[in-house]
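Report on the following structure.
As the structure lists them, so they are numbered: ligands from 1, and atoms in each ligand from 1. One-based numbering along the sequence shown.
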Amino acid sequence: MGSLAQPKQLPVIDLCLKYLKSSSSSWVAKCDEITRALEEYGCFIAVYDGVSQELHDATVVASEELFDLPVEVKVLNTKDAAGHGYMGNLPKIPLFERLSIENATTPQGAETFTKLMWPSGNPSFCESVLAFTKVLAELEVMVMRMVAKSLGIEQDYVKLLEFTTYILKFNKYLSPPGGERKVGIYPHTDKCFMTTIQQQEDGKGLEVKTKDGEWIEVDLKPAFFIVMAGDVCTAWSNGRIEAPPHKVMMEGNKDRISLVVSSFIQDKVEVPQGLVDEDHPLKFKAFNHYKYIEYHNSTTDANGKRLKDAIRSYCGI
Ligand SMILES: O=C(O)CCC(=O)C(=O)O
Ligand SMILES: [Fe+2]
């Protein structure tokens, strides 16, 4: 009789604020658990209570209002320094649409974008964008502090934080016509430091590739947040945490909306000394995050084919 192997799952880690006390032994154990999950999968599912029901409902309304705007308005969201901006009606991924907000943890970033989309104002949109991005950025900071504690590089992370900014992306994927299974977004690794993803409704779509080449389908709920390493974390962690390839596959008759907060470093990124020793030689040279993005964009060919392992070809030793 053949055994029925269970499909692989991403680790699920409870980070609800009410249970976390930074001095307790369970907190130290959690730091190690998160670090192991990131070392093994490059990401994990955080169960997190930082987004209230009220804030969640407000971001659902905000997404509807945003995607309902006419295309002529949405295209005003032009590319930022990290290469983000409006994307839609793309021949290779026709189901996909995206808008992104730079510096979304600052009132100025949220206001500039809101004014661009609604010149006569939309205060509730602006408030919910700001509040939501801040909560997800706080989750990322909490996670990375815990990782840094576990790896003995807390001060290096605190230094990096001073130069960290956050982008909020609204991603929408239409349900594919004719009941087919179709690509929503092609496999890639993120070019940021870290990414946190929330899916607005229960269900699948996101898939993450494991180190042994298996794709894990991720069944998400709004209270689950994927915390995922980007290429810049791969380099910063001296290769201990690999950014995982991921993609979105759409099937069924429901559209999918995800909100994605990604961090960017406005300074030189270099491997902390504490991660380098005889057994762990330096694997990445110091580099500038935005120059890396420029390099990555310049090596992406006309068909959108990306360089494999761009971070190692850019600054790997
Ligand atoms: O929608 C998702 O779950 C993933 C989106 C994504 O990979 C991205 O925006 O880089
Ligand atoms: Fe991504």
Are more than 12 heavy atoms, taken from residues, nucleotides or ligands other than [X], located less than 6.0 Å from that residue's [atom1] atom?
X    : atom1 : answer
D277 : CG    : yes
K159 : NZ    : no
K8   : NZ    : yes

Requested in this report: Show the numbers, then the answer: is there a side chain to side chain contact (heavy atoms under 4.5 Å, CB included) between V260 and Q198?
Outcome: CA-CA 6 Å; V260 179; Q198 189 219 27; over 6 Å; no

Query - side-chain contact (heavy atoms from CB on, under 4.5 Å) partner of L10, chosen from I216, T210, L206 - result: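 Output: one option passes, namely I216.
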
Query raised in the report: Could you walk me through whether W236 and Y157 pass the side chain to side chain contact (heavy atoms under 4.5 Å, CB included) check?
Result: CA-CA 10 Å; W236 183 72; Y157 179 60; 4.1 Å; yes

Query raised in the report: ligand 1: which residues have a non-hydrogen atom closer than 4.0 Å?
Result: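 Shell around ligand 1 (4.0 Å, heavy atoms): R98, K169, N171, Y173, H188, D190, I197, L206, H246, V248, R256, S258.
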
Query - Intermediate values then yes/no, side chain to side chain contact (heavy atoms under 4.5 Å, CB included), V147 and L38 - result: CA-CA 9 Å; V147 170; L38 287 174; 3.6 Å; yes

Requested in this report: Answer yes if the side chains of H296 and D231 hold a donor-acceptor pair under 3.5 Å, and no otherwise.
Outcome: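 No, no side-chain donor-acceptor pair sits under 3.5 Å.
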
Query - Beyond-backbone contact of F284 with I317, side-chain heavy atoms, under 4.5 angstrom - result: no

Query raised in the report: Going by chain and residue number, what protein N/O/S atoms come nearer than 2.8 Å to the Fe ion (ligand 2)?
Result: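 Only H188 NE2, D190 OD1, H246 NE2 fall inside 2.8 Å of the Fe ion (ligand 2).
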
